[in-house]
2 protein chains.
Amino acid sequence: MTKAEKERYHHGNLRAVLVRIGRELLETETKPSLRAVARHAQVSHGAPIHHFPTWAHLLAACAADGFRELSADLACAAQHSTNAEKTLIEMCLAYLEFAKRHPVVFRLMFNNNAITERTEEFLQQSSAAYSCLQDAVRALDPDMSDARFDTLINTVWAMLHGLSILELEDQVCRTATPNLKTQDFLVHGIGQLVR
Amino acid sequence: MTKAEKERYHHGNLRAVLVRIGRELLETETKPSLRAVARHAQVSHGAPIHHFPTWAHLLAACAADGFRELSADLACAAQHSTNAEKTLIEMCLAYLEFAKRHPVVFRLMFNNNAITERTEEFLQQSSAAYSCLQDAVRALDPDMSDARFDTLINTVWAMLHGLSILELEDQVCRTATPNLKTQDFLVHGIGQLVR
DNA sequence: GACAAAACTTGTCATTGACAAGATTGGATG
DNA sequence: CATCCAATCTTGTCAATGACAAGTTTTGTC
């Protein structure tokens, strides 16, 4: 049986479809809801409950899916670099790009006001993404002390995430002419931290 | 007429009370709502509408109130320092403390997923708070170039805000023993940026 | 081929945000 | 001081939502 387009009672793929549509509606609609997701998926309003007991669980799944995609982007950005510092910079730029490409889901992923259900899947995917960044920082100097590592990972991630939010909320300060790019601030800031 | 406890038809102070209760419910309840705020304020469910046309407007007012308080905290932190760098550090620590003290409102203030109504009051209070930080950065060297200023303000704010979020979401990495404090990371990071 | 579990539908309920119409109050004006 | 108007508040209503329950269809397993 092809899982493709058969109009059958058992959707067979509903969970993944709900997450995909959920992410779409989050980005495009002002008032996404479980029922709206169900309508777009062409199923009844009660169908999603078997995959997501509450709306919060679907949100957590959308966020987890975002982390999955982010991890992939980070891994992809890392694979073409020669030295460790360039790798880290590339990953940071990929992170920033992800934020700009999926603003709503990005905000959701890191907002514990919205993520009220910290699903197993959510925790797993979120820490997997963190691991990518941690590995890249550790690679700067495999022999660094624990204290140095803590300092680096926390300051780098803070800089990276903070600047992504600034960019997202359109609050990057630009008084100089010609304007400096957000990427410039990011590369400069990370560069200062890792030295 | 004392505006204090008179049980009267015209509340007289309702707008401020709604914001206060709104902020309280945001921090304590899992499912705050316009009607719940009205109940706690002992007014009918229709009363808030004359002060806040929609729930989003009340959220914006709560966020604006948060920015107001943040500005006060920043100003207070700044007034007892001698040199510009120490002043900036003190303000950063106050910012972090504010985030820890009001986690939900803090997340709200900087989350444009939730703030769908960018009220005049909200924009005003938010940029007022930014101004505090900008002034402190400018004071590091009143003669710095625009490019230098842009770089500093954006990296400092990114570090500060990013680390506050890390702390809030309990994702500060601590592998070293004894554990380093979040404040240590912050002071160290800011120190590296301003030199 | 039967049967149990999973997936989906339909129906229902309390709650919510938003709106409308009416009641009450305070203050400005004469 | 009397009047009147606008602001404030109440009550009632409606569609939409999340959550749940009960019933129906399908899948897969023995």
Checklist entry - So what does H51(B) hit on the nucleic acid, given a heavy-atom distance under 4.0 Å: a base, only sugar-phosphate, or nothing? => result sugar-phosphate
Checklist outcome for this item: Between CD1 of I49(A) and P of dT9(C) the distance, given in whole Å, is 12 Å
Item to check | Cation-pi geometry met for R138(A) and F149(A) (6.0 Å, 45°) | outcome: yes
Checklist entry - For dT10(C), does either OP1 or OP2 sit under 4.0 Å from a side-chain N or O belonging to S44(A)? => result no
Checklist outcome for this item: When rounded to whole Å, the CG to P distance for the pair L18(A) and dA7(C) reads 12 Å
Checklist entry - Base, sugar-phosphate alone, or nothing: which one does L14(A) contact when heavy atoms must sit under 4.0 Å apart? => result sugar-phosphate
Item to check | Interatomic distance where NE2 belongs to H50(A) and P belongs to dA22(D) [whole Å] | outcome: 13 Å
Checklist entry - Do R101(B) and E167(B) meet the salt-bridge criterion of a basic N to acidic O distance under 4.0 Å? => result no
Next on the checklist: Using the rule side chain to side chain donor-acceptor pair (under 3.5 Å), only one of E27(A), E69(A), E97(A) pairs with H102(A); which is it?
Outcome noted: E69(A)
Next on the checklist: If you assign each of P48(A) and R35(B) to its closest nucleotide in DNA chain C, which residue comes earlier from the 5' end?
Outcome noted: P48(A)
Checklist outcome for this item: Checking dT9(C), dG18(D), dG17(C) against the side chain of W55(A) (C-beta onward), the nearest is dG18(D)
Checklist entry - Which of parallel (below 30°), tilted (30 to 60°) and perpendicular (above 60°) describes H161(A) and F106(A)? => result tilted
Checklist entry - Base, sugar-phosphate, or nothing: which does R39(A) touch, judged by heavy atoms less than 4.0 Å apart? => result sugar-phosphate
Item to check | Under 4.0 angstrom between T54(A) side-chain N/O and dG18(D) OP1 or OP2 | outcome: no
Checklist entry - Does K31(B) place a side-chain N or O at less than 4.0 Å from the phosphate oxygens OP1/OP2 of dT16(C)? => result yes
Checklist entry - Could you state the CG-P distance from L34(B) to dC9(D), rounded to the nearest angstrom? => result 14 Å
Checklist entry - Rounding to a whole Å, what distance do you find between F52(A):CZ and dA6(C):P? => result 17 Å
Checklist entry - Is there a donor-acceptor pair under 3.5 Å between the side chain of R174(A) and the backbone N or O of L180(A)? => result yes
Checklist entry - Which nucleotide in the list dA18(C), dG17(C), dC8(C) gets nearest to the side chain of A47(A)? => result dC8(C)
Checklist entry - Could you give the CZ-to-C1' distance, from R15(A) to dA6(C), as a whole number of Å? => result 15 Å
Checklist outcome for this item: Among the nucleotides dT12(C), dT8(D), dA18(C), whichever has the atom closest to the side chain of H45(A) is dT12(C)
Checklist entry - Rounded to whole angstroms, how far apart are CD on Q42(B) and C1' on dT10(D)? => result 15 Å
